[in-house]
Amino acid sequence: MAKKVAKKATKNIVRDGIGAKEFAARRSRVLKALGGAVGMVCAGEGGAPLLGKWRPNPHFAYLTGIDDEPGAVVVFDPQAEDPKRRVILFLKPSDPELEVWDGYREQIGMGLKARYGIETIMRTRYINRMLTGLARKRKRLACLHDVAMPDSPVSPDLALFRKLSERVIGVSIEDKTALLPGLRSVKSKAEQVLMERAIAASAAGYEAAIGVIRPGADEADIATALVRGFEDAGADGVGYNPIVGAGLHSTVLHYMNNRGPVADGDLLLIDAGAEVEGYCADITRTYPANGKFTRRQREVYEVVLEAQRASIAAVKPGAAMWEVDRASRRVIEKAGFADAFVHSIGHHLGMEVHDAEPDGTLKAGMIVTIEPGVYLPNEKLGVRIEDDILVTAKGRRDLSKAIVKDAKEIERLIKG
Ligand code: GLY
Ligand code: MN
Ligand code: MN
């Protein structure tokens with residue numbers, strides 16, 4: 001029988017997701033924040049579906065909920081006289097031959113407009129003409145996509161706006177790149193519900209994984225049980241590639257192979273999170289494969305746990321992530337492991353595992369991970385403990401605390 005790792009039951013995930021009203025409210029906030037400038041957000045091009053499910057640019061998905069229209073673009077024109085034309089969705093032209101391979105698409109009409117909650121939908125063949133006209137009339141274009149680094153292609157909106165400003169006289173390009181990370185980082189109630197479901201499904205996966213941890217197992221057996229556990233609890237799948245590493249592999253921060261023996265005396269590090277309706281969890285636990293931490297393993301484990309508790313306690317509105325980081329680092333440095341904590345304390349979590357990073361300090365409604373770690377490759381010993389923390393008006397709520405992390409309780413569970 002599966003052992004009890006989570007204190008709460010994780011069954012009966014009901015699907016309700018983000019409603020059309022919420023998507024419309026997100027677009028309205030963008031229109032308002034643009035202050036009259038024209039903006040655009042691109043879904044990005046798609047690859048062959050055979051190679052895995054296509055994922056749109058997360059800003060596009062956040063604003064539209066559309067996840068099956070590669071090449072789509074949403075344009076914002078806050079100054080449009082006709083309110084129905086303040087948001088225009090552009091979709092690629094229909095291609096009946098391609099649809100035989102990739103799936104059938106609905107024609108533009110009342111049905112599609114109602115489904116997307118967007119009243120103006122056009123084909124992408126008209127986008128250049130439309131944007132040239134808007135550039136001429138409004139003169140102000142605002143970049144909403146994230147800034148690209150010098151070794152990456154220029155963001156799609158800036159690339160197009162530059163071309164427009166070479167052709168249309170008097171056009172200015174403005175920076176609104178902080179807008180969408182700021183909006184996305186504060187989770188609505190509906191988003192919080194989805195993330196709690198992803199976390200509940202993750203708890204079920206950890207419970208299933210614990211059931212197969214033993215010396216002699218393979219990391220792959222544990223990874224399989226984990227993911228099966230997520231899906232059995234109603235998750236759509238994984239939020240990111242799980243990390244299941246034993247022994248030396250527990251010290252590899254983004255270990256991906258998940259094929260290797262689990263030996264007596266190893267620590268096993270699992271970093272995994274389920275995905276529910278586009279939102280993910282990100283949780284790490286470290287277990288002794290044989291059900292008993294060695295004295296050294298326990299020493300390191302307790303340092304990391306104390307550090308994590310200190311950082312979780314530092315999460316509150318107005319706190320900066322560097323302050324939250326410092327709380328862990330103080331504990332780890334004092335214990336003599338300063339050089340073994342090689343990453344930062346955590347990150348925002350949401351539609352992406354490393355979610356959009358807003359400027360500024362923490363605010364109520366944000367969800368961040370807190371994940372200190374100590375990695376000692378010479379001892380084949382890596383410990384990380386990661387939880388998902390909701391910032392509340394009064395402080396914080398640990399959304400993943402039901403997944404056991406007390407060392408003694410872990411030993412009981414694995415031995416049991
Ligand atoms: N799972 C990747 C991370 O914790 O950042
Ligand atoms: Mn993680
Ligand atoms: Mn993380």
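Treat the numbers as computed from the prediction; the structure is a model and nothing was measured. Just so it is clear, the values below take in all heavy atoms, side chains as well, and ignore hydrogens, waters and symmetry mates. Remember, it's 1-based here, ligands and their atoms both numbered in the order they're listed. In this chain, residues are counted from 1 in sequence order.
- Looking at atom 4 (O) of ligand 1, its nearest protein heavy atom turns out to be Glu371 OE1, 2.9 Å.
- Across all their heavy atoms, Glu119 and Lys113 have their closest contact at O-CD, 3.4 Å.
- Using a 4.0 Å cut-off to heavy atoms of Glu386, the atoms of ligand 1 that qualify are 4 (O).
- Within the cation-pi definition used here (under 6.0 Å to the ring centroid, within 45° of the axis), Arg26 qualifies as a partner of Tyr62.
- Heavy atoms of Thr369 found under 4.0 angstrom from ligand 1: none, in either backbone or side chain.
- His347 counts as a contact of ligand 1, since one of its heavy atoms falls under 4.0 Å from the ligand.
- Among all heavy-atom pairs drawn from Arg123 and Lys92, the shortest one is NH1-O, 2.7 Å.
- Of all atoms in ligand 1, numbered sequentially from 1 with element shown, those under 4.0 Å from a heavy atom of His354 are 2 (C), 3 (C), 5 (O).
- The salt bridge (Lys or Arg N to Asp or Glu O under 4.0 Å) search around Arg27 returns none, not counting sequence neighbours.
- The shortest non-hydrogen separation linking Asp157 to Cys143 is OD2-CA, 3.2 Å.
- Contact atoms of ligand 1 toward Tyr240: 1 (N) (distance under 4.0 Å to a heavy atom of the residue).
- Listed by first and then second residue, the salt bridge (Lys or Arg N to Asp or Glu O under 4.0 Å) pairs that reach into residues 294-304 are Arg296-Glu299, Arg296-Glu379, Arg298-Glu302, sequence neighbours excluded.
- Shown are the protein N/O/S atoms under 2.8 Å from the Mn ion (ligand 2), given by residue and atom: Asp271 OD1, Asp271 OD2, Asp282 OD1, Glu386 OE1.
- Taking backbone and side-chain atoms together, His347 has an N/O/S atom less than 2.8 Å away from the Mn ion (ligand 3).
- Polar contact with ligand 1: present for Asp271 (N/O pair, distance under 3.5 Å).
- By the 3.5 Å distance cut-off applied to N or O atoms, Arg384 is not counted among the residues near ligand 1.
- Aromatic pair His343/Tyr375: centroids less than 6.0 angstrom apart.
- Residue Ile243 comes nearest to Tyr255 through the heavy atom pair CG1-O, 3.2 Å, listed as atom of the first residue, atom of the second, then distance.
- In this structure, His343 falls outside the shell of residues with a heavy atom less than 4.0 angstrom from ligand 1.
- For Thr286, the side chain to side chain contact (heavy atoms under 4.5 Å, CB included) test picks out Leu267, Leu269, Tyr301, Val383, with sequence neighbours left out.
- Just one residue in the list Leu63, Leu183, Leu179, Leu180 forms a side-chain contact (heavy atoms from CB on, under 4.5 Å) with Arg29, and that residue is Leu183.
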